Amino acid sequence: MKKLVITLVCLVLVIVVGGAAVVWFTYDSVDESSVPTVQVEAAGQTLQPNAWEWSQPVLGGMLYKHFANDSTEAAQLGEYETGGFAVTFPQGYDTTITLRRDDAVVFDGRPAEWQDALTAEPGAYSLQVLSHRAEEKGRPYGEFMFEALFTVLPPPKPEPVFTAGKTELEQGDIFVMRLENIPEGVRPVTTTELGMGSFTPAGEGAWFAAVPVGNHRQPGAYTVDVTAGEDSWQATVTVSAYAYPEQNLVIDTSSEQITEANSAAAYQQYREKIPPLWETADGERYWEGAFIRPAEGGWISTEFGTIRYTNGDYSNSRSHYGMDIAVAEGTPVVAPNNGRVVLAEYLLNTGNTIVIEHGGGLKSYYYHLSALDVELGDMVEKGQLIGAVGSTGYSTGAHLHYEMRIGDQAVSPSMLFEDSAGLYSVEALAGDEAGDEAA
Ligand SMILES: [Zn+2]
C-alpha cells in the first residue's frame with residue numbers, strides 16, 4: 001500500500017514536473033518575433049512605432065507573454081515645401097489620430113475621417129497615431145504608438161518685380177513705375193533729380209509711383225533710383241525738348257483787378273498758400289483711369305508751357321504752367337479724376353482757386369473760378385462738379401486755368417487726356433465709366 005502511494009506520488013510529480021517543463025518550454029519559445037509589424041506611412045516614409053506593448057497568448061490563452069518597448073524619440077520627417085501629402089494607417093486596429101499644427105490640434109479622429117489636405121497649411125506639425133487591439137481571451141492584443149514631427153514651409157516668396165513705364169519722354173510728360181511682390185511693411189522710396197516720385201499702394205504687394213518731367217527739365221538722360229527694403233533698381237529716363245509756343249499777352253495793367261492780382265501782397269499770399277502744397281503727397285492713390293477734361297467746349301487760349309511775354313516786353317518771359325481753357329463764364333468745372341480737395345478759397349492772384357490731390361503728390365489746380373462748389377477736405381469723384389468758370393484774380397476774360405503738378409514740377413494737363421500719356425504706361429486703364437458719362 002505504501003509502495004503504491006509512493007508510486008502515485010512519483011507519477012504525479014513526473015506529470016507535474018513534465019507538464020511544467022512543457023509549459024516552460026512553450027512559454028520560453030514565444031519571443032518578440034510574435035509581435036506583429038505595424039507601420040504608418042507618411043509623406044512616403046515608413047514610421048515604426050515609438051512605443052508599443054503586446055500580449056501574446058501561450059497554450060491557447062492559459063497564459064500570456066507580455067512584450068513592451070518604451071517610447072523613443074518622435075520620428076523627424078524633415079521639411080516640406082508643399083504639404084497635403086498622403087498618410088496611411090494600420091489595418092485591423094482601432095486607430096485614433098491626433099494632428100497638431102503649431103501646438104494647436106487640427107485633427108482628432110479616425111482614419112476614415114482623415115484628409116491628406118490636413119497637412120497642407122504651412123506650420124510645425126506633430127502627428128500622433130495610436131493603433132489598439134482590445135484584450136480578448138485567447139487572442140493577442142496590445143497597442144502601437146507612432147509620433148512624427150514635420151514642417152510644411154510657407155510658399156517661397158516671389159521675387160520683387162520692377163516695371164518702368166515709358167522712358168523716352170518729352171518735357172511735360174510723366175515717368176511711372178510699378179513694383180510687385182514687395183514684402184508687407186516695406187515702403188519703396190524714389191530718388192531722382194526729376195522731382196517727387198512718391199509710391200502709393202497699387203494692390204497686394206504692389207506699388208505705383210509717378211515722377212514728373214517738368215516743362216523746364218533740360219533735355220538729356222536722368223536716373224531714377226528706387227529702393228524697397230533690401231532691393232534696389234535703377235531706370236534711365238531720356239527727356240526730349242517740347243517746342244513750346246510763345247505768346248504775347250496784352251493786358252491793361254492799370255485796371256483795378258489786375259493791379260490787385262499783380263500786387264506784392266497777392267504774390268506773398270500765393271507763396272504762402274500754393275508752394276507749400278507742392279511738398280505734400282497723399283500716401284494713397286485716388287485717381288483711376290484716364291483724366292477727363294475739367295471743362296467742356298471752348299478752345300485752348302494758352303497751351304501748357306507757353307513762353308509768355310506781357311505787352312511786348314520780350315526781355316521778360318514767363319512760362320505758363322497750366323493750360324487755359326477759354327469757355328463762357330459759369331461753365332461747370334468738374335473733377336478730372338478722383339481726389340481730395342486740399343485748397344478751395346479765394347486768393348488775390350489766382351482768384352477763386354481749387355487744388356485737388358489725386359494721390360502720390362499728383363495735383364490739379366483750378367484758377368479764376370466764379371464759384372466754388374467744394375470745401376477743403378472734400379473727397380471728389382471723377383466728373384463731380386467742383387466749381388464754375390470765371391475771371392477772378394489775374395485774368396482779363398472768362399477762362400479756366402487748369403494746371404497739373406507732381407511736387408513742384410508742372411506737367412502737361414492735356415497729355416493726361418490721352419491714353420498714350422506716360423502716366424498710363426505701366427498699368428492698363430480701367431474703371432473709366434465716370435469719364436464716359438462726363439464726355
Ligand atoms: Zn493760365
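Residue numbers start at 1 and run along the sequence shown. Values below: all heavy atoms of this structure, side chains included; hydrogens, waters and symmetry mates excluded. For ligands, and for the atoms within them, numbers begin at 1 and follow the listed sequence. Computed from a prediction, not measured in an experiment: that's the story for all the values here.
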K.L.:
Taking the ring centre of each residue, are Tyr402 and Tyr366 less than 6.0 Å apart?
P.N.:
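Between Tyr402 and Tyr366, the centre distance is under 6.0 Å.
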K.L.:
What about Phe144 and Trp54, are their ring centers closer than 6.0 Å?
P.N.:
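Yes, ring centres under 6.0 Å apart.
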K.L.:
Among the N/O/S atoms of His320, which is closest to the Zn ion (ligand 1)? Give the atom name.
P.N.:
NE2
K.L.:
Flag His401 as yes if one of its N/O/S atoms falls below 2.8 Å of the Zn ion (ligand 1), otherwise no.
P.N.:
yes
K.L.:
In terms of relative ring orientation, are His216 and Tyr321 parallel, tilted or perpendicular, with 30° and 60° separating the classes?
P.N.:
perpendicular
K.L.:
Please determine if the Zn ion (ligand 1) has an N/O/S atom from Asp324 lying under 2.8 Å away.
P.N.:
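For Asp324, the answer is yes, given that an N, O or S atom comes within less than 2.8 Å of the Zn ion (ligand 1).
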K.L.:
Has Gln91 got more than 12 heavy atoms of other residues, nucleotides or ligands less than 6.0 Å from its CD?
P.N.:
no
K.L.:
Do any of the N/O/S atoms of His368, backbone or side chain, fall under 2.8 Å from the Zn ion (ligand 1)?
P.N.:
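It does not: His368 brings no N, O or S atom closer than 2.8 Å to the Zn ion (ligand 1).
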